[in-house]
Amino acid sequence: MAGLALRGIRAPINAVASLVGFIGGACNGCAYERVEISEGLHGISALAPGADCRRVILYFHGGGHWLLTADTYREFIGRLSAFTGARVVAVEYRKPPAAQFPSGVFDALAAWQWAEASHPGASVAVAGDSSGANLAFALLVQLAQLGQEQPVACVGISPWLRLDLSDTWDYYGRFCAHLYLGGRKDVSAADPLVSPVNAQPPLVRRFPPILMHAGAHEMTTAGVVEMEKVCADAGAPAEVHFYKAPHIFQVTAGFPQQTRDSLTRIAEFLQRHW
């Protein structure tokens, strides 16, 4: 019953958000393509006019680990492609109630392996916003644990980096974390694959250069500050910039000056690491 209720709440939200994404994407001149990443896993590719296919951003969208879709982000990934001059692929990773942790992390790893295999010789960065950025950072942790090659860079837009929230007032965050973990007793929200800020220095030293942008006073601000310190303590390169703007302001309309500044900084950061 809970799963049906969740799907009932999510369906109209996703439908409206995806329609907005389609309309916005239809107006920006980008070429969009559905890509098959693996069996049951697909993504949406955006390529702005003049973008270089040898530069790829693997993007994980936000939504509290249970809402929204890659189609919701069509307009934004097209805009991101235009600013960065790169191909952007938004991954349609699995979500509750159909799939809980670690399904999303496994999908992130599968998407990374696909990006490497399908773009030989390309430079591949990872990025995401909110819970999607949580997956992007969890991917860094997983690759470090496996001793595998890392992306050239990682960009977090209001990254949600701490999900062990039992002692906080963030009731919605706790609700989303509970959904993501499936209420299981054998999974700890303190696991660095769930809360990347808990990654130990030997793993963090393997991370690629990191850029994080967030609002100065929003739900992810403390986690960004904490991750900056984690990286500094481990000697891993990380850049942070805070804005007088709300959560994931770059994705939605309403803060054009801050959005342009943020996306310009993201493009400049990636340009240094391609």
Side-chain angles (χ1 to χ4, degrees), residues 10-37 41-53 55-93 95 107-108 111 115 124-136 154-160 211-215 218 220 243 245-271:
R10 179 171 62 191
I13 296 172
N14 283 0
V16 172
S18 295
L19 178 61
V20 171
F22 267 101
I23 293 172
C27 301
N28 62 13
C30 288
Y32 292 92
E33 176 187 7
R34 179 187 170 101
V35 295
E36 296 300 325
I37 294 171
L41 181 64
H42 74 274
I44 303 295
S45 166
L47 189 67
D52 187 347
C53 291
R55 296 175 173 180
V56 179
I57 300 172
L58 199 60
Y59 194 87
F60 300 95
H61 70 81
H65 282 302
W66 70 285
L67 277 172
L68 307 181
T69 68
D71 281 326
T72 304
Y73 278 69
R74 276 178 175 256
E75 186 279 331
F76 177 70
I77 63 172
R79 204 158 21 102
L80 186 60
S81 177
F83 266 89
T84 60
R87 183 188 189 196
V88 182
V89 180
V91 181
E92 189 59 80
Y93 56 88
K95 306 175 185 69
D107 287 350
V124 183
V126 296
D129 65 284
S130 194
S131 57
N134 174 272
L135 288 181
C154 175
V155 176
I157 295 173
S158 294
W160 190 23
L211 176 68
M212 294 179 285
H213 285 182
E218 54 138 310
T220 67
Y243 291 86
H247 188 62
I248 64 167
F249 64 88
Q250 301 91 332
V251 178
T252 58
F255 293 84
Q257 183 176 347
Q258 293 95 326
T259 295
R260 175 168 290 278
D261 183 82
S262 175
L263 294 182
T264 298
R265 288 173 184 266
I266 289 171
E268 291 172 347
F269 169 78
L270 291 174
Q271 184 64 37

Residues in side-chain hydrogen bond (donor to acceptor under 3.5 Å, both in side chains) with T84, at least two apart?
none
Output all residues satisfying side-chain hydrogen bond (donor to acceptor under 3.5 Å, both in side chains) with N134, sequence neighbours left out; order by chain, then residue number.
H65
Which atom of [X] lies closest to which atom of [Y], heavy atoms considered:
| X | Y | answer |
| --- | --- | --- |
| F269 | C154 | CE2-O, 4.0 Å |
| S81 | A86 | OG-O, 2.6 Å |
| Y32 | G25 | CE1-O, 3.3 Å |
| I37 | A111 | CG2-CA, 3.7 Å |
| G63 | L68 | CA-CD1, 4.1 Å |

Side chains of [X] and [Y], heavy atoms from C-beta outward: is any pair under 4.5 Å?
| X | Y | value |
| --- | --- | --- |
| L263 | R79 | yes |
| E268 | T264 | yes |
| V88 | Y73 | no |
| F255 | P246 | yes |
| F83 | L270 | no |

Ignoring hydrogens and geometry beyond distance, is a side-chain donor-acceptor pair present between T259 and S262 at under 3.5 Å?
no
Results of side-chain contact (heavy atoms from CB on, under 4.5 Å) for [X] - residues two or more places apart only:
| X | value |
| --- | --- |
| A214 | S158, E218, T220, V224, F242 |
| V124 | V56, W112, A115 |
| T252 | none |

All salt bridge (Lys or Arg N to Asp or Glu O under 4.0 Å) counterparts of R55, not counting sequence neighbours
none
Distance, nearest 0.5 Å, that separates [atom1] of [X] from [atom2] of [Y]:
| X | Y | atom1 | atom2 | answer |
| --- | --- | --- | --- | --- |
| L67 | K95 | CG | NZ | 9.0 Å |
| L80 | I57 | CG | CD1 | 4.5 Å |
| Y59 | H61 | OH | NE2 | 9.5 Å |

Could you list all the salt bridge (charged side-chain N to carboxylate O under 4.0 Å, His left out) pairs where at least one residue sits in residues 41-53, not counting sequence neighbours?
D52-R54
All N/O donor-acceptor pairs, side-chain side in residues 42-50, below 3.5 Å, sequence neighbours left out:
| from | atom 1 | to | atom 2 | distance (Å) |
| --- | --- | --- | --- | --- |
| H42 | ND1 | R34 | NH2 | 3.4 |
| H42 | NE2 | R34 | NH1 | 3.3 |
| S45 | OG | R87 | NE | 2.7 |
| S45 | OG | R87 | NH2 | 3.3 |

For I157 and I266, run side chain to side chain contact (heavy atoms under 4.5 Å, CB included): C-alpha distance rounded to whole Å, both residues' side-chain angles, the deciding distance at 0.1 Å, then the answer.
CA-CA 10 Å; I157 295 173; I266 289 171; 4.3 Å; yes
Test side chain to side chain contact (heavy atoms under 4.5 Å, CB included) applied to F76 and I248, step by step:
CA-CA 11 Å; F76 177 70; I248 64 167; over 6 Å; no
Quick one, Q250 with Q258, criterion side chain to side chain contact (heavy atoms under 4.5 Å, CB included). Give me CA distance, side-chain angles, the key distance, then yes/no.
CA-CA 8 Å; Q250 301 91 332; Q258 293 95 326; over 6 Å; no
Please list, chain by chain and in numerical order, all residues satisfying ring-ring contact (aromatic ring centres under 6.0 Å, His included) with Y243, sequence neighbours excluded.
H213, H241, F249
